[in-house]
Amino acid sequence: MNLSDLGEFGLISRIRKLSRQPHSSPVVGIGDDAAALETASSHLLLATTDLLIEDVHFDLSRTDYYSLGWKSAAVNLSDIAAMGGLPRFCLTALGMPRTTTPRQVLDFYRGFNDLLKQSKTVLVGGDTCASRQGLFISVTVLGQAKRPEIITRAGARPGDLIFVTGALGDSAAGLELLQRGTGRRGAAERSLLRKHLMPEPRIAEGRMLAVSRCASAMIDVSDGLSSDLAHICEESRVGAVVDEKRIPLSPALRSVARNLQKPALDYALSGGEDYELLFTVPARKVRKLQALDLPAIAIGVVTRGRKMLISDREGTTKRLRPQGYDHFSKPKRGKGKPAGR
Ligand code: ADP
Ligand code: MG
């Protein structure tokens, strides 16, 4: 079967059935001219959108539609998490080549909805078009948070400690494995590939930081530690010193990087798409943070001088420059490579 057998409205009706959720029903969802959503007057509405473009963000010869759906939801949910928000509703707009099959589209929505369900978020609308060239995916997520819970990039102050959740660099190493194609796929390789193809946004951790009011600034790591920390520094008008040996690297990354003959640290500093949370905490709140028992580790400190520095194992300090992906910088990574956003 192809899309023309099913037609636009046949497809939308399948998507609608796939996207029903027991825990959450909008006042008006998919099927009308616009969704009608109940919002709490005590909360602010958070809104975020991200575009995923074939051969810029993903390569269909190396990803399946289920993972692509999952990841399209993940990158947006992660932005709500990074504000300390609770995601509630979601919209998707797809531009699809006519050769796309209904099965592929529905697999995309299976992956998408599986993560949405896990995150108690519901798809309430979208748009569906034919594309002359390549697959386009635009996802919008709406979330909520009380005003004092919101954690922006602008609140870091000199003396705050810098923390990061999970481990960094796995996704970038996973991408490199995908691009290299064949090779041994042991447990380490599989775990890096999973981190790249199906990242888990840190929604629960973001909420804990928001509710406890421990964090002064926060961002999700989508472009690589060096670039995302630079965003916090810029918005907060501060600098930072990062302790190289404290940057969390997974055992899987260490072993695969050894095989790829590249320093594991490079993946963490400049590789994107980890979707971990990078946040700052005033020294007086560190105990409170520790009581939350989050999977997070201190990697540095915020400074008054506006530079970013990194101190290596010998204690030598050097400049840390943003090295993550920039869509409009001069190409240094090879054309058409899927990369961060
Ligand atoms: P309109 O003509 O008003 O733009 P559409 O025919 O595009 O309406 O869409 C009909 C309904 O289906 C709307 O509720 C819209 O939000 C929803 N919808 C369309 N495409 C998608 C999609 N890809 N994913 C989810 N909902 C969709
Ligand atoms: Mg429409």
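Whatever order the structure lists ligands and atoms in, that order sets their numbers, starting from 1.
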Notebook entry, point to check: Taking atom types as modelled and ignoring hydrogens, do the side chains of Glu200 and Gln118 form a donor-acceptor contact shorter than 3.5 angstrom?
Noted result: yes
Checklist line | ligand 1 atoms in contact with Thr92 (distance to a heavy atom under 4.0 Å) | finding: 22 (C), 23 (N), 24 (N), 25 (C)
Next item on the list: From the options Ser138, Gly126, Ser13, Gly95, select the one whose nearest heavy atom is closest to atom 27 (C) of ligand 1.
Entry: Gly126
Next item on the list: Answer yes or no: is there an ion pair linking Arg153 with Glu234, defined by an N-O contact shorter than 4.0 Å?
Entry: no
Check: Which ligand 1 atoms, with their elements, are less than 4.0 angstrom from a heavy-atom of Phe9?
Finding: 6 (O)
Notebook entry, point to check: Just checking, Lys71 and Phe58: is the charged tip under 6.0 Å from the six-membered ring centre and within 45° of the axis?
Noted result: no
Notebook entry, point to check: Does any N/O atom on Gly29 come nearer than 3.5 Å to any N/O atom on ligand 1?
Noted result: no
Check: Taking non-hydrogen atoms only, is Asp32 closer than 4.0 angstrom to ligand 1 via side chain, backbone, both or neither?
Finding: backbone
Check: Any chance the side chains of Asp160 and Ser216 put a donor and an acceptor closer than 3.5 Å?
Finding: yes
Next item on the list: Among residues two or more places apart or on two chains, list those pairs meeting ring pair (Phe, Tyr, Trp, His ring centres under 6.0 Å) that have a residue in residues 202-231.
Entry: none
Item checked: salt bridge (Lys or Arg N to Asp or Glu O under 4.0 Å) contacts in which one or both residues fall within residues 107-125, not counting sequence neighbours -> Asp107-Arg110
Item checked: Identity of the nearest option to atom 21 (C) of ligand 1, non-hydrogen atoms only, from Thr128, Val139, Val105, Asp33 -> Thr128
Check: Under 4.0 Å from any heavy atom of Gly125, which atoms of ligand 1 are there?
Finding: 16 (O), 25 (C), 26 (N), 27 (C)
Check: Any side-chain heavy atom of Val75 sitting closer than 4.5 Å to one from Asp220?
Finding: no
Item checked: ligand 1 contact on Ile12 by region, counting heavy-atom pairs under 4.0 Å -> side chain
Item checked: ligand 1-proximal atoms of Phe112, by part, heavy-atom distance under 4.0 Å -> neither
